[in-house]
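Structure record follows, encoded as structure tokens.
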Amino acid sequence: MLIATWNVNSLKARLSRVQAWVEEVQPDVLCMQETKLAQEKFPHDAFTDMGYESAHFGQGQWNGVAIISKVGLENVRPNFAAGIEPDHEARILTATCGGIQISSCYVPNGREVDHDHYKYKLSWLQRLRATLDATNKPTDNVVVCGDFNIAPDDRDVWDVKQFENATHVSVPEREALAHVCEFGMEDTFRHFHQEGGIFSWWDYRGGSFYKGHGMRIDYLLATKPVVDRATWVGIDRNARKGEGPSDHVPVMLKVKDA
DNA sequence: ATGGTGGCTGGGCCA
């Protein structure tokens, strides 16, 4: 089973590239972020034609998360779990696909340290952890993936000196991410790869991709039962090339059958 | 070259 996550930065602008990538790679599940589509505008038919069921949690021209699957799509839940203060934006969608509960997440950017949006980012991560505590055990098959807008450690940015007191690397948000992981999940990329300088996002501005100025802010967290079945994690850097790319590329996790 | 890109829109904000 191949599970992928990709911040597509507008599914309207990116549909042809997403279709081409899905056609080539044939993921069993693809989680998307930043669809930037209203709920009813999601192109379900385009994915049905390729053999996928799909679910979307949209809000309009911003945010929006989706999951497409060809191994089942059940227990679809937009937003955080019942009993937890709901997000006012469309940033998390959860479903069960092929026996694994998978969440497609678009964590708030934060804008600047101590900005209201940064406090929202920290609160959002707390509510993600609370959702897991309320609905799952660490022994469940769970994958939480998406655009976390956090570089987990200094290996995950191109030049740490450029990020003094900046969002994506600040201690409180890294601690908030660690708290999410302490539910009982691991960054599956780091399970297989220890090197730095492997990125999932490059700014559109200033030729960042060609200079190697990126960050690893997209990943798949998984509980131990899933990690124990994992065989490979990869990042499709080629997806950043060519005409009209997203500024993020797909990250993929391969899991053996249970 | 003192700005650089790209998406939302339809001027300026956001990433």
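Labels below follow one simple rule: chain letters A, B, ... track the order of the sequence lines, proteins then strands, and each chain is numbered from 1.
Atom CZ in A:R240 sits about 12 Å away from atom C1' in B:dA15, given to the nearest Å. For the pair A:E89 CD and B:dA15 C1', the interatomic distance rounds to 13 Å; values are reported in whole Å. One interatomic measurement links the two molecules: CZ of A:R91 to P of B:dC14, which rounds to 12 Å at whole-angstrom precision. Taking atom CG of A:L37 as the reference point, atom C1' of B:dC8 lies 11 Å away to the nearest angstrom. Look at NZ on A:K121: it is 10 Å from P on B:dA15, rounded to the nearest Å. One interatomic measurement links the two molecules: CD of A:Q33 to C1' of B:dA15, which rounds to 14 Å at whole-angstrom precision. Atom CD in A:E34 sits roughly 8 Å away from atom P in B:dA15 (whole-Å rounding). Between the OH atom of A:Y106 and the P atom of B:dC8 there is a distance of 13 Å, given to the nearest Å.
Rounded to the nearest Å, the gap between the P atom of B:dG7 and that of B:dG3 is 23 Å. B:dA15 and B:dG4 are spaced 16 Å apart, taking the C1' atom of each and rounding to whole Å.
Under the salt bridge (charged side-chain N to carboxylate O under 4.0 Å, His left out) criterion, A:K41 pairs with no residue at all, not counting sequence neighbours. Take A:F57 and apply the ring-ring contact (aromatic ring centres under 6.0 Å, His included) test, not counting sequence neighbours, and it matches no residue. Listed by chain and residue number, A:K137 satisfy the side-chain contact (heavy atoms from CB on, under 4.5 Å) test with A:T139 (two or more places apart in sequence, or in another chain). Scanning for ring-ring contact (aromatic ring centres under 6.0 Å, His included) contacts around A:Y52 gives an empty result, with sequence neighbours left out. In terms of the side-chain hydrogen bond (donor to acceptor under 3.5 Å, both in side chains) criterion, residue partners of A:H191 (sequence neighbours excluded) are, by chain and number, A:E186.
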N/O-N/O pairs, protein side and nucleotides 1-6 of chain B side, under 3.5 Å:
| unit_1 | atom_1 | unit_2 | atom_2 | d |
| --- | --- | --- | --- | --- |
| B:dT5 | O4' | A:Y204 | O | 3.1 |

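A donor-acceptor contact closer than 3.5 angstrom is absent between the side chains of A:S16 and A:Q19.
Counting non-hydrogen atoms of neighbouring residues, nucleotides and ligands closer than 6.0 angstrom, the CD atom of A:E243 reaches no more than 12 such neighbours.
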Could you tabulate the donor-acceptor pairs under 3.5 Å formed by side-chain atoms of residues 248-258 of chain A, not counting sequence neighbours?
| unit_1 | atom_1 | unit_2 | atom_2 | d |
| --- | --- | --- | --- | --- |
| A:H248 | ND1 | A:D218 | OD1 | 2.9 |
| A:H248 | ND1 | A:D218 | OD2 | 3.2 |

Quick one: side chains of residues 71-86 of chain A, donor-acceptor pairs under 3.5 Å with protein atoms, not counting sequence neighbours, listed by atom name and distance.
| unit_1 | atom_1 | unit_2 | atom_2 | d |
| --- | --- | --- | --- | --- |
| A:N75 | ND2 | A:T96 | OG1 | 3.3 |
| A:N79 | OD1 | A:D87 | N | 2.8 |
| A:N79 | ND2 | A:D87 | O | 3.1 |

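With its glycosidic angle within 90° of 0, B:dG4 adopts the syn conformation.
Residues from residues 157-168 of chain A that place a heavy atom under 4.0 Å from any atom of DNA chain B: there are none.
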